[in-house]
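Structure first, then comments.
All chains are named by letter (A, B, ...) in the order of the sequence lines, taking the proteins before the strands, and each is independently numbered beginning at 1. Atoms considered below: every heavy atom in the structure, side chains included; atoms not considered: hydrogens, waters and symmetry mates.
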2 protein chains.
Amino acid sequence: MSDTGPVAHSLLLVDDEPRIRRVLRLALEDEGYQVAEAANGYDALAALRREPPDVVLLDLMLPDRDGFTVCREIRRASDVPVIMVTARTDSHDVVAGLEAGADDYVTKPLVAKELSARIRALLRRVEPAGARQADLLEVGDLRIDVPAAEVTRDGEVLPLTRTEFKLIAELANADGRVLSREQLLSKVWGYGYFGDSRIVDVHIRRLRLKVERDPASPKHLVTARGLGYRLVS
Amino acid sequence: MSDTGPVAHSLLLVDDEPRIRRVLRLALEDEGYQVAEAANGYDALAALRREPPDVVLLDLMLPDRDGFTVCREIRRASDVPVIMVTARTDSHDVVAGLEAGADDYVTKPLVAKELSARIRALLRRVEPAGARQADLLEVGDLRIDVPAAEVTRDGEVLPLTRTEFKLIAELANADGRVLSREQLLSKVWGYGYFGDSRIVDVHIRRLRLKVERDPASPKHLVTARGLGYRLVS
DNA sequence: CACGAAGATGACGGATTCATGACAGGCGTA
DNA sequence: TACGCCTGTCATGAATCCGTCATCTTCGTG
């Protein structure tokens, strides 16, 4: 996804009024953002899954679902920063929006400079966490080179597929913590994957065959029964 | 949030007007926060060093320095979340405040519920990063690594099951206090559990077999007859 | 000391949970 | 188009985990 990611941050703009989308898009592109659009909650969730943005700008009044619901649905599988953008100034709505999982709540009519500043403030806070993804992870005798999408053991390159690589990279990035199947699904397979969570098992198996010296008794890719998997040095 | 959770979140309230401080303090304490106060920028920085809060609420108009400057000075030494709280509604000030390093900017007159919601939203975003390391409990010769779901004794991993792990983690988290069977049932097995509370006994037994050097005379998992169990160092 | 209550212990069967191998569709490439 | 590789799904079997019960032991009290 963000392999050779562009320098510009990407936004997903969710609003049903084309006119407002157009105004906002122009203003935000002026501020140097790369803007994608969605006209309703359904499209928003689809777009989120297809191409995760750095920030979501979410209008409260959408044709299909209301923004609170959409926000909660986003939160069910993703930590992406969300800013509610709406005409409803009632304090009660602000609280409801933030409780639904939004990071910020701004009211129309809005000043582009202010919105941009709030986006920057949010990114500043989130970025270190997202950027914690190191370029080179070392786990035991494994070296995981994220930019090169390559795993080596004893200088020998292991022929991992793309999914396998993402999986082991996420586990390595978790730094020994247990990741549940659901967490792995959302991180590796992306937001909104509704298939059987047993895929994780299967790919763990395939990884073990390539990564473990004795796949029958894994030393690195350890299963935490009832919880998930973790990567051990 | 768990009731037995750590301590309440602490706020540092920076405002020169005692009347406003008083109103805010009461409202925020009502929301369950622990509130410290500072009347000017100098005191604020001192308080920050002395006892770092979880969030700083910073008024823009201060007697010694203006809030923008104070905010920048805070940022030079700390990543603590800052919310600007001020009467100045001008969009230009909002941008300046956020550019100075603030995470959010709310204007007076303010609604306590909304401020509280914004604080929660900010904490939600910041917390995971800061709390990442505090999840290691040590009890005697036992090390309980919560994120890794692992208990070690003398560097040796004890093969606990999920339920056993949750159980000992809860007991360790209670810090030596006795937990009743009912408390343990609700914490480990979840609230709507209606089975026999004797499961606790059985799992304590299984834990002792794995954790105690002499399971017949437990040194760590001690029973408090008629009350429950507790974990002793 | 005797008694009752509370806890400890050992065993068992059902229910989860995971590992494994096989298979078919999809996608890109030769 | 044919081929190979990757991927998601499924069925099966094994491991083991968990809740319950019956019985034994220990503790506190009168």
Checklist entry - Heavy atoms, side chains only, cut-off 4.5 Å: are B:R125 and A:V126 in contact? => result yes
Checklist entry - In whole Å, what is the span from the CG atom of B:L209 to the P atom of C:dA8? => result 12 Å
Checklist entry - Expressed in angstrom and rounded to an integer, what is the separation of B:R162 atom CZ from D:dC17 atom P? => result 11 Å
Item to check | Which atom of A:V94 lies closest to which atom of A:T89, heavy atoms considered | outcome: CG2-O, 4.4 Å
Item to check | B:W189 side-chain N/O to D:dC18 phosphate OP1/OP2 under 4.0 Å | outcome: no
Next on the checklist: If you assign each of A:A216 and B:V202 to its closest nucleotide in DNA chain C, which residue comes earlier from the 5' end?
Outcome noted: B:V202
Next on the checklist: Output the rounded distance in Å from CD1 (A:I199) to C1' (C:dA19).
Outcome noted: 16 Å
Checklist outcome for this item: Separation of D:dG19 atom C1' from B:E164 atom CD, nearest Å, is 13 Å
Item to check | Spacing between A:L167 atom CG and D:dG8 atom C1', to the nearest angstrom | outcome: 14 Å
Item to check | Closest to side chain of A:Y229, choosing from C:dC18, C:dA8, D:dG19 | outcome: C:dC18
Checklist entry - Hey, does B:R198 reach any base, or is it just sugar-phosphate, or nothing, if we go heavy atoms under 4.0 Å? => result base
Next on the checklist: Given C:dC18, C:dG7, D:dG19, identify the nucleotide with an atom nearest to the side chain of A:R225.
Outcome noted: C:dC18
Item to check | OP1 or OP2 of D:dT7 under 4.0 Å from side-chain N/O of A:T163 | outcome: yes
Checklist entry - Within the side chain of A:E212, is there an N or O that forms a donor-acceptor pair under 3.5 Å with the backbone of A:S217? => result no
Next on the checklist: What's A:R206 touching, base or sugar-phosphate or nothing? Going by heavy atoms closer than 4.0 Å.
Outcome noted: base
Next on the checklist: Quick check: closest heavy atoms across B:R213 and B:P215, and the distance to 0.1 Å?
Outcome noted: O-CD, 3.5 Å
Checklist entry - To the nearest angstrom, how far is B:I204 atom CD1 from D:dT20 atom P? => result 17 Å
Checklist entry - What integer distance in Å separates A:R208:CZ from C:dC18:P? => result 11 Å
Checklist entry - For the side chain of B:T161, counting heavy atoms from C-beta on, which of D:dC18, C:dG21, C:dC18 is nearest? => result D:dC18
Checklist entry - Roughly, in whole Å, what's the span from CZ in A:R205 to P in D:dT7? => result 16 Å
Checklist entry - In terms of side-chain heavy atoms of A:H203, which of D:dG19, C:dA8, D:dG8 is nearest? => result D:dG8
Next on the checklist: Can you confirm whether more than 12 heavy atoms, excluding those of A:K210, are under 6.0 Å from its NZ atom?
Outcome noted: yes
